Amino acid sequence: DGGITQSPKYLFRKEGQNVTLSCEQNLNHDAMYWYRQDPGQGLRLIYYSQIVNDFQKGDIAEGYSVSREKKESFPLTVTSAQKNPTAFYLCASSMGGGPSGANVLTFGAGSRLTVL
Amino acid sequence: KQEVTQIPAALSVPEGENLVLNCSFTDSAIYNLQWFRQDPGKGLTSLLLIQSSQREQTSGRLNASLDKSSGRSTLYIAASQPGDSATYLCAVRFLMDSNYQLIWGAGTKLIIKP
């Protein structure tokens, strides 16, 4: 079945550590996105990539980094510079589109990061 | 700055009732609007997409309406079932500076009591 796989589902981090969240898709989508979801707030765009080896900052990119070496993969690194990293992180993909994606956005199941 | 607001943040109703979820936005120059469903600890599933030229879309027991002039969309759920319990998110696509931006509401958590 085609879809997006995010791992790990739950992750605990000590302050000062970098962690990497995995996102893999087998939908042959060109564009991939990382969103952050916090209670009581709408999803916020962290980074997006419209093509391999290219990515753009979203609204809250500070303290995060990404890479897009393969079409299928778009890992997100939460660095120690991110002051408040505890959140639910969602990866999405679409056939095209800029920062908003095409009309059909497919989401992964999410990764919950908790900083101890 | 475009904003998307969903009120109430949470709603609990008995099974079988018809209900309406609300989404309001600050800019009438929208491109389209989508309603999503999110189950606890899960990703999002798209329910309905309304283009700016449309007034409503229907899928099964769900009906979404769009009133650009008043900056409002509603999601109507008929004959609610416990399986409808989830968080419902509204996302509005705006055209800003030659790019489309997707602005999300915070969601309404819906609980259908058996």
Side-chain angles (χ1 to χ4, degrees), chain A residues 1-11 21-25 27 29 31-48 50 56-60 87-114, chain B residues 1-10 22-27 29-54 57 59 64 73 86-109:
Chain A
D1 287 338
I4 298 181
T5 302
Q6 289 188 240
S7 64
K9 188 171 179 64
Y10 299 96
L11 185 61
L21 307 180
S22 170
C23 178
E24 303 279 333
Q25 54 100 358
L27 300 165
H29 283 172
M32 297 186 73
Y33 306 83
W34 275 106
Y35 288 95
R36 172 178 171 142
Q37 186 176 32
D38 294 282
Q41 296 188 45
L43 273 66
R44 292 181 289 170
L45 183 64
I46 303 172
Y47 268 99
Y48 67 99
Q50 299 182 76
Q56 306 295 328
K57 292 182 179 180
D59 301 318
I60 55 165
F88 190 58
Y89 291 88
L90 286 160
C91 179
S93 70
S94 69
M95 280 301 294
S100 75
N103 287 340
V104 179
L105 270 174
T106 301
F107 282 85
S111 294
R112 183 166 298 282
L113 173 63
T114 302
Chain B
K1 177 184 175 184
Q2 287 86 351
E3 292 185 356
V4 176
T5 304
Q6 292 185 250
I7 296 174
N22 298 297
C23 173
S24 61
F25 44 93
T26 54
D27 192 333
I30 75 169
Y31 180 70
N32 60 35
L33 182 148
Q34 281 183 276
W35 283 94
F36 290 84
R37 169 185 172 136
Q38 184 178 28
D39 292 286
K42 300 287 180 64
L44 279 65
T45 301
S46 180
L47 297 173
L48 289 164
L49 168 71
I50 309 179
Q51 300 292 349
S52 62
S53 58
Q54 298 173 319
Q57 282 286 337
S59 175
S73 175
T87 296
Y88 291 81
L89 296 156
C90 168
V92 183
R93 199 171 263 106
F94 297 99
L95 180 60
M96 296 191 300
D97 299 326
S98 301
N99 261 324
Y100 293 105
Q101 302 289 338
L102 194 60
I103 309 297
W104 294 80
T108 294
K109 183 176 182 179

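Just so you know, these numbers come straight off a predicted model, no measurement behind them. Reminder, nothing fancy here: chain letters follow the sequence lines and each chain counts from 1.
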| Which atoms of B/Q51 come close to chain A, meaning under 4.5 Å heavy atom to heavy atom: side chain ones, backbone ones, both, or neither? |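 Only the side chain of B/Q51 comes within 4.5 Å of chain A.
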| Is it the side chain or the backbone of B/L44 that comes within 4.5 Å of chain A heavy atoms, both, or neither? |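 Both parts, backbone and side chain.
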| query | Heavy-atom distance under 4.5 Å to chain B: side chain of A/L90, backbone, both or neither? | reply |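 Only the side chain of A/L90 comes within 4.5 Å of chain B.
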| In Å and rounded to the nearest 0.5 Å, what is the OG1 to OH distance from A/T114 to A/Y10? |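 Interatomic distance, A/T114 OG1 to A/Y10 OH, rounded to 0.5 Å: 9.5 Å.
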| query | Under the side-chain hydrogen bond (donor to acceptor under 3.5 Å, both in side chains) rule, what pairs show up with a residue in residues 38-47 of chain B, not counting sequence neighbours? | reply |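 Every side-chain hydrogen bond (donor to acceptor under 3.5 Å, both in side chains) pair that includes a residue of residues 38-47 of chain B, provided the two are not neighbours, is A/Q37-B/Q38, B/Q34-B/S46, B/R37-B/D39.
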| task | Heavy-atom pairs under 4.5 Å with chain A are the metric here; pick the option from B/A91, B/C90, B/G41, B/G107 that has the most. | result |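 Top option by heavy-atom pairs under 4.5 Å: B/G41.
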| Parallel, tilted or perpendicular: which fits the ring planes of B/W104 and B/F36, with parallel below 30° and perpendicular above 60°? |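 Tilted.
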| request: For A/Q56 and A/Y47, indicate whether the former's side chain and the latter's backbone hold a donor-acceptor pair under 3.5 Å. | output: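 Such a contact is absent between A/Q56 side chain and A/Y47 backbone.
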